Amino acid sequence: MFFPSQGQTCHSYCTFCFRWAQFVGDKALRIAASEARMLHDYLRHHDEVTDLLFTGGDPMVMKTKHLQGYLEPLLAADFDHIQTIRIGTKALSFWPHRFLGADDADDLIRLLERMVKAGKHVALMAHYNHWRELETPAARAAIQRIRATGAVIRAQGPLIAHINDDPAVWARMWQTQVSLGIVPYYFFVERDTGARNYFEVPLARAWQIYREAMQQVSGLARSARGPSMSASPGKVEVQGVAEIAGEKVFVLRFIQGRNPDWVQRPFFARYDEQATWLHHLKPAFGEEKWFWEDEYAALREAKLAIADEGVSLAA
Ligand code: SF4
C-alpha cells in the first residue's frame, strides 16, 4: 500500500471520512511517502510483492505527470513481479472530468493503456455510496473511457446511516454497476473514527441490509464482500447471525489478517444488537479471548519495537 505525497487530498471531502486528519493541516498525522524512488527501491528489492495499492486521499488529484513518475517505471523488466496495480479513487463521482476533458486526461488514459498493454492488471478501486453517483452523463462517459483502456473498475463503499442504509439503494447500485461493466467489490462498515456518531450503523443491521440487498440481485451483482470492518488485526467480515449451542452469535471471519493463517477461519462473537465495530464485540461461548488475540498482541509489539529501533537509529 502506497500513499503518494501528491495524492493526500481529494476532489471533495466526504463528511463521514476517517481520513480527516490529512486534510486539516496537522502534518504530524500525515502518512505520506514522498519519493517515487523510495517506492521503486523498495519494490525492486522485494520481489515477493505482487500487488501495489495506490491510495490517499485520492491519488487521482495528482497531475498525470506525477502519477506517471510512480507508475511508468514499473513497466520495466525488473518490476515484472508487480502484477497488479490498484488505484483507490472517488474521482469517478467527484470529478469524472479527470478522465474526460481535464488538461492531462488524455495522458492519463494513455498511461492506463500502456500499463494494461505491458501485462499489468490495472484496477480502479472506485468509491461509490449511492446509485445516483452513477447516473450523470459525465460519470458514465468516464467509466466507458476507463474500461476501453482494459483497466477494470471495482466498486467499494461504506454503509452510512442517512445516506445508504437501505437494501434497495445497495441493490440498485450493484445492479447499475454490473450493467456499466463495474465489479461490485466491498460493502464496508463505517469506521470507528471520524464523525461516526451520526453515520454508524450497528453490525446486526448492517448484516440485515447486506443480506436483503443480495437477495434482490442476480449472481453477477453478488460479488461484493461484506459487511467488512477494516480493523487493526485485519479485514473482518460479518458472515451472519446464528444460534449455536443455545447462544445467539455473530459468525465472523477474516478476509485478510495480520497473519495469513487467520484468513477464512470462522470465529464467533456474542450477539450484540448495538455493537458497531469489532472492539465492541466479546468472544462467544464463554471464551476469554479471540483465537488471534495473543498472536496479534505479539505482532504489534514486534512492530513497535522495530519502529522504536528506527527512531533511536535516526536520533
Ligand atoms: S474521497 Fe475517500 S479519502 Fe477522500 S474524503 Fe471521501 S472517503 Fe475520504
Side-chain angles (χ1 to χ4, degrees), residues 1-34 52-64 66-67 70 85-100 102 105 108 123-136 138-139 142-143 146 151 153-165 169-170 173-174 177 182-201 206 224-232 235 276-277:
M1 193 183 284
F2 186 72
F3 298 88
S5 59
Q6 302 94 333
Q8 295 291 301
T9 55
C10 302
H11 292 99
S12 182
Y13 300 136
C14 309
T15 42
F16 52 81
C17 180
F18 70 98
R19 293 185 178 168
W20 55 270
Q22 285 163 263
F23 312 136
V24 294
D26 187 342
K27 288 194 177 155
L29 290 172
R30 286 194 188 183
I31 40 181
S34 56
L52 176 65
L53 171 59
F54 254 68
T55 185
D58 190 329
M60 284 299 171
V61 299
M62 280 193 271
K63 290 274 180 211
T64 301
H66 293 307
L67 206 52
Y70 290 110
I85 297 172
R86 285 184 265 178
I87 305 171
T89 185
K90 198 166 171 61
L92 278 161
S93 304
F94 279 161
W95 188 236
H97 300 283
R98 176 70 188 92
F99 307 94
L100 299 171
L108 174 60
L124 262 76
M125 312 306 292
H127 172 183
Y128 289 110
N129 305 114
H130 202 283
W131 51 263
R132 288 189 190 282
E133 294 168 274
L134 295 151
E135 298 288 296
T136 67
I143 290 164
I146 290 165
I153 306 173
R154 294 182 198 277
Q156 53 191 17
L159 171 69
I160 26 190
H162 315 290
I163 295 176
N164 62 13
D165 53 340
V169 169
W170 284 88
M173 181 161 70
W174 289 334
Q177 285 165 354
I182 298 175
V183 183
Y185 190 56
Y186 264 116
F187 173 103
F188 287 124
V189 177
E190 168 67 0
R191 284 205 187 231
D192 62 330
T193 51
R196 71 177 184 282
N197 287 344
Y198 185 74
F199 294 112
E200 69 189 353
V201 177
R225 290 181 289 185
S228 171
M229 291 172 271
S230 300
S232 306
K235 273 204 177 87
T276 57
W277 197 252

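Everything numeric here is computed off the predicted structure, so don't read it as measured data. Start at 1 with the first residue, then count along the sequence. Atoms within a ligand are numbered from 1 in the order they appear, just like the ligands themselves.
- In this view, Glu200 and Thr276 satisfy the side-chain hydrogen bond (donor to acceptor under 3.5 Å, both in side chains) rule, not counting sequence neighbours.
- A cation-pi geometry, defined here as NZ or CZ lying under 6.0 Å from the six-membered ring centre and within 45° of its normal, holds between Arg225 and Tyr185.
- Under the 30°/60° scheme for interplanar angles, the aromatic rings of His11 and Trp95 are found to be tilted.
- Atom numbering of ligand 1 starts at 1 in the shown order; those under 4.0 Å from a heavy atom of Gly57 are 3 (S).
- Of all the heavy atoms of His127, the ones lying under 4.0 Å from any atom of ligand 1 belong exclusively to the side chain.
- Between Ile87 and Met60, the shortest heavy-atom contact is CG2-CE, 3.9 Å.
- Residue-ligand proximity, Cys17 to ligand 1, at heavy-atom distances under 4.0 Å covers atoms 3 (S), 5 (S), 7 (S), 8 (Fe).
- Close approach of ligand 1 to Lys90 (heavy-atom distance below 4.0 Å) involves ligand atoms 1 (S).
- With ligand atoms numbered from 1 in the order given, ligand 1 contributes 1 (S), 3 (S), 4 (Fe), 5 (S) to contacts under 4.0 Å with heavy atoms of Cys10.
- Among the atoms of Cys14, an N, O or S atom falls under 2.8 Å from atom 6 (Fe) of ligand 1.
- With sequence neighbours excluded, no residue satisfies side-chain hydrogen bond (donor to acceptor under 3.5 Å, both in side chains) with Asn164.
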